[in-house]
Student: 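I'd like to ask some things about the structure below.
Predicted model, so just to flag it, every value in this text is computed and none were measured.
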Amino acid sequence: MTAFKSLALAIDLASVRRDQAIAQWQAMLRAQAFAQEQMNQLQQYAKETDQRWAQSAQKSTTPELLHHQYQFMERLNQAIALQGGAIANASRRADLAKQDVVQAELRLASLKQVLSHRQAAQAKELQRRDQKQMDEFASLQTQRQLRQQAENNL
C-alpha cells in the first residue's frame, strides 16, 4: 500500500507540475499575442503616417520637413523590426513552454500507467492467493469426503 501512496503522491505532484506548465504556456501565448498586437499597431501607425504625409506633402513641403519625415519613418521601421524580434522571442518562449507541457503530460501519463500496472499486478496476486486458498479448501473437502466414504464402506 505504501508503494501506491508514494505513486499517488508522485501523480499529484506531476499533476500540479502539468497544471503549472499549462499556466506558463498560456501566459507565454498571451505575451506572444500582446507582442503581435503591438506590431499590428506599429504597422498601422506607420501606414497611417505615410498616408497623411503623402496627402500633406502634395500641398507643400520643405527639404527639412522631408528629411525629418524620413528620419521619423526610419525610426518607426526600426521599432517595427525590434518588435519583430520581440515576437520571435515570445514565440520561441511559447514553444518551449508547450514542450514543457508535453513533457509534464508524458510524465503524468507514465506515472498513471505504472500505478495501473501495479494495481493490476496486486489484483492478480490477490486473485492467485484466493484461488490457492479455494483449491486448498476444495482439496481438504475432497479428502474429508473420501475418508468419510472410506469409513462408511468399512
Student: Taking the side chain as every heavy atom from C-beta outward, state whether R144 and Q141 have any atom pair closer than 4.5 Å.
Tutor: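 Sidechains of Q141 and R144: in contact.
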Student: If we only count heavy atoms from C-beta on, is the K112 to L108 side-chain gap below 4.5 Å?
Tutor: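 In contact.
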Student: Which heavy-atom pair separates L111 from A10 by the least distance, and what is that distance?
Tutor: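 Scanning both residues completely, I find the closest heavy atoms to be CD1-O, 3.6 Å.
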Student: Are M73 and Q69 close enough that some pair of their side-chain heavy atoms sits under 4.5 Å apart?
Tutor: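 Yes, close enough: below the 4.5 Å cut-off.
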Student: In Å and rounded to the nearest 0.5 Å, what is the CD to CD distance from E37 to Q83?
Tutor: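 Here the rounded value is 10.5 Å.
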Student: Determine the minimum heavy-atom distance between A94 and M28, stating which atoms define it.
Tutor: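 A94 and M28 have their closest heavy atoms at CA-CB, 3.6 Å.
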Student: State, to 0.1 Å, how close A79 and L42 come at their nearest heavy-atom pair, and which atoms those are.
Tutor: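 Of all heavy-atom pairs spanning A79 and L42, the closest is O-CD1, 3.9 Å.
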Student: For the pair S91 (side chain) and I87 (backbone), establish whether a donor and an acceptor sit closer than 3.5 Å, ignoring hydrogens and angles.
Tutor: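 Absent.
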Student: So does Q127 have more than 12 non-hydrogen atoms from other groups sitting under 6.0 Å from CD?
Tutor: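 Check fails, neighbour count at 12 or below.
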Student: When you check the side-chain N and O atoms of E64 and H68, is any donor under 3.5 Å from an acceptor?
Tutor: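 Checked: E64/H68 side chains show no N/O donor-acceptor pair below 3.5 Å.
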Student: I80 and A46: which non-hydrogen atoms are nearest, and at how many Å?
Tutor: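 Taking every non-hydrogen atom into account, CD1-CB, 4.1 Å.
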Student: What is the distance from atom CZ of F137 to atom OG1 of T142, rounded to the nearest 0.5 Å?
Tutor: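 Here the interatomic distance stands at 10.0 Å.
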Student: What residue pairs, at least two apart or across chains, pass side-chain hydrogen bond (donor to acceptor under 3.5 Å, both in side chains) with a residue in residues 129-139?
Tutor: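 Every side-chain hydrogen bond (donor to acceptor under 3.5 Å, both in side chains) pair that includes a residue of residues 129-139, provided the two are not neighbours, is Q131-D135.
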Student: Looking only at heavy atoms, which two atoms of R18 and A104 are closest? And how far apart?
Tutor: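 Scanning both residues completely, I find the closest heavy atoms to be CA-CB, 3.6 Å.
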Student: For the hydrophobic clusters of this structure (ILVMFWY residues joined by side-chain heavy atoms under 4.5 Å, transitively), does one cluster hold both V16 and V101?
Tutor: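 Unlinked, V16 and V101 end up in two clusters.
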Student: Can you tell me how far the CD atom of Q24 sits from the CZ atom of R17, to the nearest 0.5 Å?
Tutor: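 So the gap between those two atoms works out to 8.5 Å.
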Student: Hey, could you give me the CG/NZ distance between L76 and K47, rounded to the nearest 0.5 Å?
Tutor: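 The distance works out to 14.0 Å.
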Student: Could you tell me if the side chain of W25 sits less than 4.5 Å from the side chain of D100, heavy atoms only?
Tutor: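 Contact flag for D100/W25 side chains = no.
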Student: Compare every heavy atom of R52 with every heavy atom of Y45, then report the nearest pair and how far apart it is.
Tutor: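 Residues Y45 and R52, closest heavy atoms: CE1-NH2, 4.1 Å.
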Student: With side chain to side chain contact (heavy atoms under 4.5 Å, CB included) as the test, would you mind laying out the steps for L66 and W53 before giving the verdict?
Tutor: CA-CA 9 Å; L66 183 63; W53 172 254; 3.5 Å; yes
Student: Applying a strict under-4.5 Å side-chain criterion to I, L, V, M, F, W and Y, I'd like to know whether F34 and M39 cluster together.
Tutor: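 F34 does not cluster with M39.
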Student: So, N89 side chain and G85 main chain: donor-acceptor pair closer than 3.5 Å or not?
Tutor: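 Side chain of N89 to backbone of G85: no pair is present.
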Student: Given N40, which of Q44, Q38, Q36 fulfils the side chain to side chain donor-acceptor pair (under 3.5 Å) condition?
Tutor: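 Going through Q44, Q38, Q36 one by one, the side chain to side chain donor-acceptor pair (under 3.5 Å) with N40 is satisfied by Q36 alone.
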Student: Linking I/L/V/M/F/W/Y whenever any side-chain heavy atoms sit under 4.5 Å apart, do L7 and L106 land together?
Tutor: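 No.
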